[in-house]
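Data first, discussion second: the structure below is written as structure tokens.
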Amino acid sequence: MKIDFKYANGLYTNDEYNKALEEVLASKKVLDSKSGEGNDYLGWLTLPEDYLASDELNRVLKAAEKIKGESDVLVVLGIGGSYLGAKSAIELLTPYFNDGMEILFVGNSMSSSYIYEVYNRVKDKDISLNIISKSGSTTETSVATRLFLNLLVQKYGDKAYDRVYATTDLNKGILHDLCLKRGIDMFEIRDDIGGRYSVLTAVGLLPMAVAGIDILAVLKGALEAQNDCKKNESLSLLYATFRYMMYKKGYEIEILSSFEPKMRGFIEWYKQLYAESEGKDHKGIFPTGAIFTTDLHSIGQMIQDGKRNIIETMVKINEPDNEVLVPEMEGNLDKLDFLKGMKISEINNKALIATALAHHDGGVPVATLELSKLDCSNYGYMVYFFMYACGLSAYSIGVNPFNQPGVESYKKNMFALLGKPGYEELAKEINKLLEEN
């Protein structure tokens, strides 16, 4: 991976950059020494190295082979960090249209229409389940788990639980207790790794392996990033410095963009990582994303001419998975002969350069991250790169990168409205408020 800030030239000064760099280097010392807030959630710092040497890695690979051998579909049940990482990898590293093993994700919303369609799509197929939840008490995932476990029992009777794999806390929790009672195979969500930092554990690796992704290559790419991040001039540190500098200048929104639609799932993972890590105490850069050139025809006007509080990080892919040439048209009726014989990837690259130049000229600071190609090693590197930079960014703005107190607010209200025991008083308050309004 390479990083470049040429499309941000003139939009900041050397003094601003050097001051930001000094503060981010101080954050690096806090992160590396594990002396900051949330330091009990820093197991991911050495995770690539640890997992490559773990016994669980072999168990993941063995389970993936068993699933592929006996099932047509793997249904992954989880929300947030329990599914976004795996989904991003599968979208990025497998073909757009895949006739092989199907991986479906459920338990990430309360949409009855979506759950109904997934259920009916898989009910007549051979299926396995991967339930991912540290506690087993997350409502969206737990409701879906009830439904799909019931389907398995109907289909396979006493053998149903042989097709279930749980990724959870190995010592406690509702899901842990269910696994012990039903003899369900368990993989670990470590106490020192939060959900949004867990993609390089069984949380992400088991679904990836079932999809045919080389998870050893993913981990080795992440290990390369882990080693690079020990340096004071790592790509993660340079990126975190750019973000922090622009944040101090009043930029409040970051767009992670790519000219490759396969990056859409990765952008969703990035959004959760940065939003839950930085968005506290009325601080943080709001993370969003775009797929170009598609979104240039929707939000492009806002990026180009809207309020100047946006920074942009473009991910550039040098080598496409496949290549297509622009053909000849008799008579040049569409007036495109100037593109005849050109690679579509070349046109895409020119569009990227043109967009970066235009956005820079419009006052948007643009950083570019350059990958040789979308492969397992680069995916692993990119995951660790963003996680490490996120820790640096959050510490630099003065928040704990590893908690998410705001996520609990909607849950309390929802439990009260649904009549969960223990929430009776809050239910009274909410119902009174709703009646008054």
Side-chain angles (χ1 to χ4, degrees), residues 40-41 43-44 56 59-60 63 67 74-87 103-112 114-115 118-119 122 127-154 156 160-207 210 272 276 402-423:
D40 48 344
Y41 282 94
W44 60 269
E56 186 167 88
R59 291 184 58 233
V60 166
I67 293 167
L74 174 66
V75 178
V76 180
L77 303 106
I79 195 169
S82 294
Y83 90 102
L84 285 169
K87 192 170 189 293
I103 317 289
L104 296 177
F105 295 88
V106 73
N108 49 62
S109 77
M110 294 304 298
S111 167
S112 58
Y114 178 75
I115 295 170
V118 173
Y119 186 93
V122 305
I127 63 174
S128 294
L129 303 184
N130 181 200
I131 309 165
I132 307 174
S133 176
K134 193 162 194 173
S135 65
S137 61
T138 306
T139 306
E140 294 89 341
T141 302
S142 296
V143 168
T145 295
R146 271 200 177 199
L147 184 66
F148 284 90
L149 280 179
N150 185 61
L151 173 62
L152 249 67
V153 171
Q154 290 177 22
Y156 303 109
Y161 295 102
D162 293 341
R163 293 173 170 270
V164 183
Y165 305 81
T167 310
T168 189
D169 191 307
L170 294 186
N171 299 305
K172 61 184 182 299
I174 293 172
L175 181 54
H176 164 267
D177 295 345
L178 171 66
C179 291
L180 290 183
K181 290 179 180 178
R182 296 290 185 260
I184 295 170
D185 204 5
M186 286 188 282
F187 297 93
E188 184 177 22
I189 300 179
R190 285 167 44 177
D191 286 339
D192 60 352
I193 299 175
R196 58 189 178 275
Y197 292 85
S198 67
V199 60
L200 299 175
T201 71
V203 169
L205 295 176
L206 179 55
V210 174
Q272 190 218 4
E276 284 197 350
F402 308 115
N403 65 354
Q404 53 278 344
V407 174
E408 301 305 314
S409 298
Y410 94 90
K411 291 182 180 179
K412 293 175 182 177
N413 291 341
M414 181 177 68
F415 291 153
L417 290 168
L418 290 171
K420 184 174 181 177
Y423 290 81

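Of all heavy-atom pairs spanning G81 and S198, the tightest one is O-OG, 3.7 Å. The minimum heavy-atom distance linking Y165 with F187 is given by the pair CD2-CE1, 4.2 Å. Closest approach of A86 and V199 over heavy atoms only: N-CG2, 4.2 Å. Between N171 and H176, the closest heavy-atom pair is O-CE1, 3.5 Å. Minimum heavy-atom separation, L149 to V164: CD2-CG2, 3.8 Å. Closest approach of L74 to L129, counting heavy atoms only: CD1-C, 3.9 Å.
Not counting sequence neighbours, S142 has no partner by the side chain to side chain contact (heavy atoms under 4.5 Å, CB included) test. For K134, there are no salt bridge (charged side-chain N to carboxylate O under 4.0 Å, His left out) partners two or more places apart in sequence or in a different chain. Under the salt bridge (charged side-chain N to carboxylate O under 4.0 Å, His left out) criterion, D185 pairs with R59, sequence neighbours left out. For D40, there are no salt bridge (charged side-chain N to carboxylate O under 4.0 Å, His left out) partners at least two apart in sequence or on another chain. L104 is linked by a side chain to side chain contact (heavy atoms under 4.5 Å, CB included) to V73, E102, V118, R121, V122, counting only residues two or more places apart in sequence or in another chain. For A416, the side chain to side chain contact (heavy atoms under 4.5 Å, CB included) criterion is met by Y423, L426, A427, I430, not counting sequence neighbours.
T138 places no side-chain N or O within 3.5 Å of a backbone atom of T141 that could act as its donor or acceptor partner.
Note that the NZ atom of K420 and the OG atom of S137 stand 6.0 Å from one another [nearest 0.5 Å]. Atom CD1 of residue I127 and atom CZ of residue R163 lie 8.0 Å apart, to the nearest 0.5 angstrom. Rounding to the nearest 0.5 Å gives a distance of 8.0 Å between CG of N130 and CG of L77. Note that OG1 of T201 and CD1 of I193 are 6.0 Å apart. Values are rounded to the nearest 0.5 Å. Put simply, CD1 on I174 and OG on S133 are 8.5 Å apart, with the number rounded to the nearest 0.5 Å. Rounding to the nearest 0.5 Å gives a distance of 9.0 Å between CD of E56 and CG of L205.
Contact check for D169 versus I189: no side-chain heavy atoms found under the 4.5 Å cut-off. The side-chain heavy atoms of V76 and I103, taken from C-beta on, include a pair separated by under 4.5 Å. Residues M186 and L180 form a side-chain contact, since some pair of their non-hydrogen atoms from C-beta on lies under 4.5 Å apart. Taking the side chain as every heavy atom from C-beta outward, T139 and F415 approach each other to under 4.5 Å.
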- With side-chain contact (heavy atoms from CB on, under 4.5 Å) as the test, would you mind laying out the steps for L200 and W44 before giving the verdict? CA-CA 8 Å; L200 299 175; W44 60 269; over 6 Å; no
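Heavy atoms of other residues, nucleotides or ligands lying less than 6.0 angstrom from OH of Y161 number more than 12.
Classified by interplanar angle (parallel below 30°, tilted 30° to 60°, perpendicular above 60°), the ring pair F105/Y83 is tilted.
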